[in-house]
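Please read the structure below before turning to the comments.
FYI, side chains are in, hydrogens and waters are out, and symmetry mates aren't considered; it's all heavy atoms of this structure. Nothing fancy with the numbering, it's 1 onward along the sequence.
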Amino acid sequence: MSIITGTPKLINTGMQKAAGRFAPTQGNITRALNRIAINETKSRAMHYTYSKAVPEDLKRLTSKSIEDSYKRVSWTNPKDGKVYHILEEGREKDKVQVRILDKDGAFVKNAELTPKTIVIFDNFFSPKGLTHGEIMETFVKRFNPFAKVERLEHKKNIFEILRYRGRLPMELEEKRFSELADKMDRGKKVDYISISEVNLVDAEDVTGKPGYIQKQYVAKSGSIKSIKPLFERIMSKGTRILDAAGNENNFAKEVVNDRLAIEGVEGAGSLRKGKIAHDSCSRNSVFTQHYERRDYFPRLTKGDNGEIIGVNLTGLEGTDLPLNWKTKKLNTRLGGTSYAAPVRAAKLALNDMLEGIL
């Protein structure tokens with residue numbers, strides 16, 4: 001059964017059991033978030049009237065400014081489906097004070113959140129405009145403006161970037177994760193890692209052999225053997241790793257992102273109009289458990305006086321980025337499973353931060 005509609009199952013040595021990716025609570029939250037995402041993709045954007053908001057809150061909820069956009073978020077509680085609007089009131093080193101409103105904008109309570117840390121790994125480089133990693137960072141920060149967000153990238157060695165023209169070889173990917181694991185051994189706390197770099201391998205010869213799917217991929221992939229111990233070392237600290245499922249227009253059902261074969265790594269696929277997008281890969285629920293919207297449409301945002309404020313990429317209310325020579329290049333449709341991983345990581349971290357508060 002699909003994780004979207006029921007409990008995911010796999011066959012292992014002749015015994016049927018629930019997929020080992022999640023504890024039961026995590027699986028329930030994942031399926032609830034998938035259903036929420038499905039409903040959201042059936043209508044391009046969610047709009048709220050805030051009919052019960054006091055004037056001061058209403059001003060902040062409807063502001064198009066970049067500053068206000070990064071100090072609020074709308075959150076659907078996956079446990080009961082209720083919608084809340086959360087406004088930042090203040091921030092200290094390890095705490096964020098927030099004002100929580102209900103779906104209509106009425107005051108619910110004040111609370112203090114402990115930010116979770118999300119690390120974004122992305123090795124795509126662009127000499128012009130925003131990098132792929134910068135866009136992923138923007139999505140994380142808009143879907144969870146209260147988290148601590150870091151980018152694990154290759155910019156610290158420009159000679160590597162220029163030599164390999166952006167698509168860096170596997171040994172450099174291993175180097176970055178090894179450096180992160182070393183920092184975590186020394187006490188660095190990372191709650192989530194979002195990966196939007198994918199290595200697709202042929203799935204046709206293994207998908208029909210239940211019970212041994214993951215083991216076969218680990219044996220088949222040349223890159224997994226070196227990445228697997230690093231990921232296991234990182235996940236042993238309690239860190240959850242979300243990796244994009246991958247995009248393939250013609251053979252989405254026949255290929256899999258090989259890193260999703262590593263036990264514990266969670267796959268993020270994409271949705272279009274309430275269904276799995278035609279090019280979203282790694283469809284077996286053993287590999288892909290999370291699903292988020294596929295397509296995003298950049299647009300200019302304007303203030304009350306009609307003046308252009310900036311650019312919106314996420315489809316959330318407000319402005320994501322200022323208008324400049326870089327963001328002017330973002331004038332075509334964006335999308336794919338690259339976006340699903342950071343969006344879901346942001347939502348999961350926000351759920352963690354609100355646990356016990358609502």
Side-chain angles (χ1 to χ4, degrees), residues 36-37 39-41 43-77 83-91 96-108 113 115 118 120 129-130 134-149 292-324 326-335 339-340 342-347 349-351 353-354:
I36 292 167
N39 291 333
E40 289 176 349
T41 61
S43 58
R44 184 171 297 178
M46 300 293 289
H47 296 286
Y48 303 99
T49 59
Y50 314 116
S51 58
K52 297 181 181 179
V54 299
E56 186 174 316
D57 288 340
L58 182 62
K59 182 178 180 180
R60 295 187 62 190
L61 289 166
T62 58
S63 169
K64 297 291 181 61
S65 75
I66 293 179
E67 181 181 4
D68 286 331
S69 297
Y70 282 92
K71 289 188 176 181
R72 67 178 185 229
V73 70
S74 296
W75 173 70
T76 302
N77 188 339
V83 175
Y84 297 91
H85 308 291
I86 306 170
L87 301 174
E88 180 181 325
E89 295 282 84
R91 188 180 289 257
V96 179
Q97 291 75 41
V98 296
R99 177 177 172 85
I100 301 176
L101 313 175
D102 69 11
K103 181 179 179 180
D104 299 316
F107 176 75
V108 176
L113 307 182
I118 304 172
I120 301 165
L130 263 64
E134 287 173 321
I135 297 173
M136 298 303 103
E137 182 178 11
T138 298
F139 273 73
V140 170
K141 289 182 175 179
R142 280 305 315 273
F143 280 88
N144 187 347
F146 313 128
K148 295 180 180 179
V149 183
E292 288 288 348
R293 173 180 162 187
R294 187 202 185 285
D295 299 313
Y296 296 88
F297 303 86
R299 57 182 175 83
L300 298 177
T301 56
K302 297 180 180 180
D304 295 336
N305 60 1
E307 181 181 356
I308 294 175
I309 297 175
V311 178
N312 182 287
L313 306 178
T314 62
L316 301 176
E317 292 294 332
T319 305
D320 300 329
L321 298 165
L323 183 65
N324 54 38
K326 290 185 176 182
T327 57
K328 281 182 179 179
K329 296 178 179 294
L330 303 173
N331 56 7
T332 58
R333 186 174 70 182
L334 305 173
Y339 296 79
V343 170
R344 180 54 61 94
K347 289 183 177 181
L350 185 59
N351 290 339
M353 293 162 63
L354 290 164

Next on the checklist: Enumerate the salt bridge (Lys or Arg N to Asp or Glu O under 4.0 Å) contacts for residues 138-147, please, sequence neighbours excluded, ordered by first and then second residue.
Outcome noted: Glu137-Lys141, Arg142-Asp320
Checklist entry - Does the side chain of Val311 come within less than 4.5 Å of Leu300's, by heavy atoms? => result yes
Checklist entry - Should Arg99 and Asp57 be marked as a side chain to side chain contact (heavy atoms under 4.5 Å, CB included) after you check the CA-CA gap, both sets of side-chain angles, and the distance that decides it? => result CA-CA 9 Å; Arg99 177 177 172 85; Asp57 288 340; 2.9 Å; yes
Checklist entry - With sequence neighbours left out, what residues match Lys302 under side chain to side chain contact (heavy atoms under 4.5 Å, CB included)? => result Ile308
Checklist entry - Mind checking what makes side chain to side chain contact (heavy atoms under 4.5 Å, CB included) contact with Ala147, not counting sequence neighbours? => result Ile118, Asn144, Val149
Checklist entry - Taking only residues two or more places apart in sequence or in another chain, which ones pass side chain to side chain contact (heavy atoms under 4.5 Å, CB included) with Thr49? => result Ser51
Checklist entry - Is the closest side-chain heavy-atom distance between Leu313 and Pro298 below 4.5 Å? => result yes
Checklist entry - What heavy-atom pair brings Tyr84 and Ile100 nearest, and what distance separates the two atoms? => result CD2-CG2, 4.0 Å
Checklist entry - Say you draw a straight line from CD1 of Ile135 to CG of Leu330; how long is it, rounded to the nearest 0.5 Å? => result 5.0 Å
Checklist entry - Listed by chain and number, what are the side chain to side chain contact (heavy atoms under 4.5 Å, CB included) partners of Gln97, not counting sequence neighbours? => result Glu89, Glu92, Lys95, Glu112
Checklist entry - Taking side chain as C-beta onward, heavy atoms only, is Ile66 less than 4.5 Å from Pro322? => result yes
Item to check | Sequence-distant partners of Lys59, salt bridge (charged side-chain N to carboxylate O under 4.0 Å, His left out), two or more places apart | outcome: none
Checklist entry - CG of Leu321 to NZ of Lys328: how many Å apart, nearest 0.5 Å? => result 14.0 Å
Next on the checklist: Applying salt bridge (charged side-chain N to carboxylate O under 4.0 Å, His left out), can you list everything that pairs with Asp68, at least two apart in sequence or on another chain?
Outcome noted: none
Item to check | Criterion side chain to side chain contact (heavy atoms under 4.5 Å, CB included) on Leu61 and Tyr48, from CA distance to verdict | outcome: CA-CA 10 Å; Leu61 289 166; Tyr48 303 99; over 6 Å; no
Checklist entry - Taking everything shown except Lys64 itself, do over 12 heavy atoms lie less than 6.0 Å from its NZ? => result no
Next on the checklist: If we ignore hydrogens and angles and just use 3.5 Å, is the side chain of Asn305 paired with the main-chain N or O of Glu307 as donor and acceptor?
Outcome noted: yes
Checklist entry - For Glu67, what residues pass the salt bridge (charged side-chain N to carboxylate O under 4.0 Å, His left out) criterion, not counting sequence neighbours? => result Lys71
Checklist entry - Quick one: ring-ring contact (aromatic ring centres under 6.0 Å, His included) pairs with a partner in residues 50-70, sequence neighbours left out? => result Tyr50-His85
Next on the checklist: Using only atom types and a distance under 3.5 Å, with no angle test, would you say the side chain of Arg293 pairs donor to acceptor with the backbone of Gly335?
Outcome noted: no
Checklist entry - Quick one: ring pair (Phe, Tyr, Trp, His ring centres under 6.0 Å) partners of Tyr339, sequence neighbours excluded? => result Phe139, Tyr296
Next on the checklist: Counting C-beta onward and ignoring hydrogens, is there a side-chain heavy-atom pair between Asn312 and Thr319 closer than 4.5 Å?
Outcome noted: no
Checklist entry - Are Leu323 and Ile309 side-chain neighbours, meaning at least one heavy-atom pair lies under 4.5 Å? => result no
Next on the checklist: Please determine whether a side-chain nitrogen of the Lys or Arg among Lys329 and Glu134 lies less than 4.0 Å from a carboxylate oxygen of the Asp or Glu.
Outcome noted: no
Item to check | Which residues share a side-chain hydrogen bond (donor to acceptor under 3.5 Å, both in side chains) with Arg72, sequence neighbours left out | outcome: none
Checklist entry - Atom CD1 of Ile86 and atom CG of Leu354: how far apart are they, to the nearest 0.5 Å? => result 4.5 Å
Next on the checklist: My understanding is that only residues two or more places apart in sequence, or in another chain, count here; which of them pass salt bridge (charged side-chain N to carboxylate O under 4.0 Å, His left out) with Arg299?
Outcome noted: none
Checklist entry - What distance do Leu113 atom CG and Leu350 atom CG have between them, rounded to the nearest 0.5 Å? => result 7.5 Å
Item to check | Any Phe146 side-chain heavy atom under 4.5 Å of Val73 side chain | outcome: yes
Item to check | Minimal non-hydrogen separation, Ser69 against Ser63, with atom names | outcome: OG-O, 4.4 Å
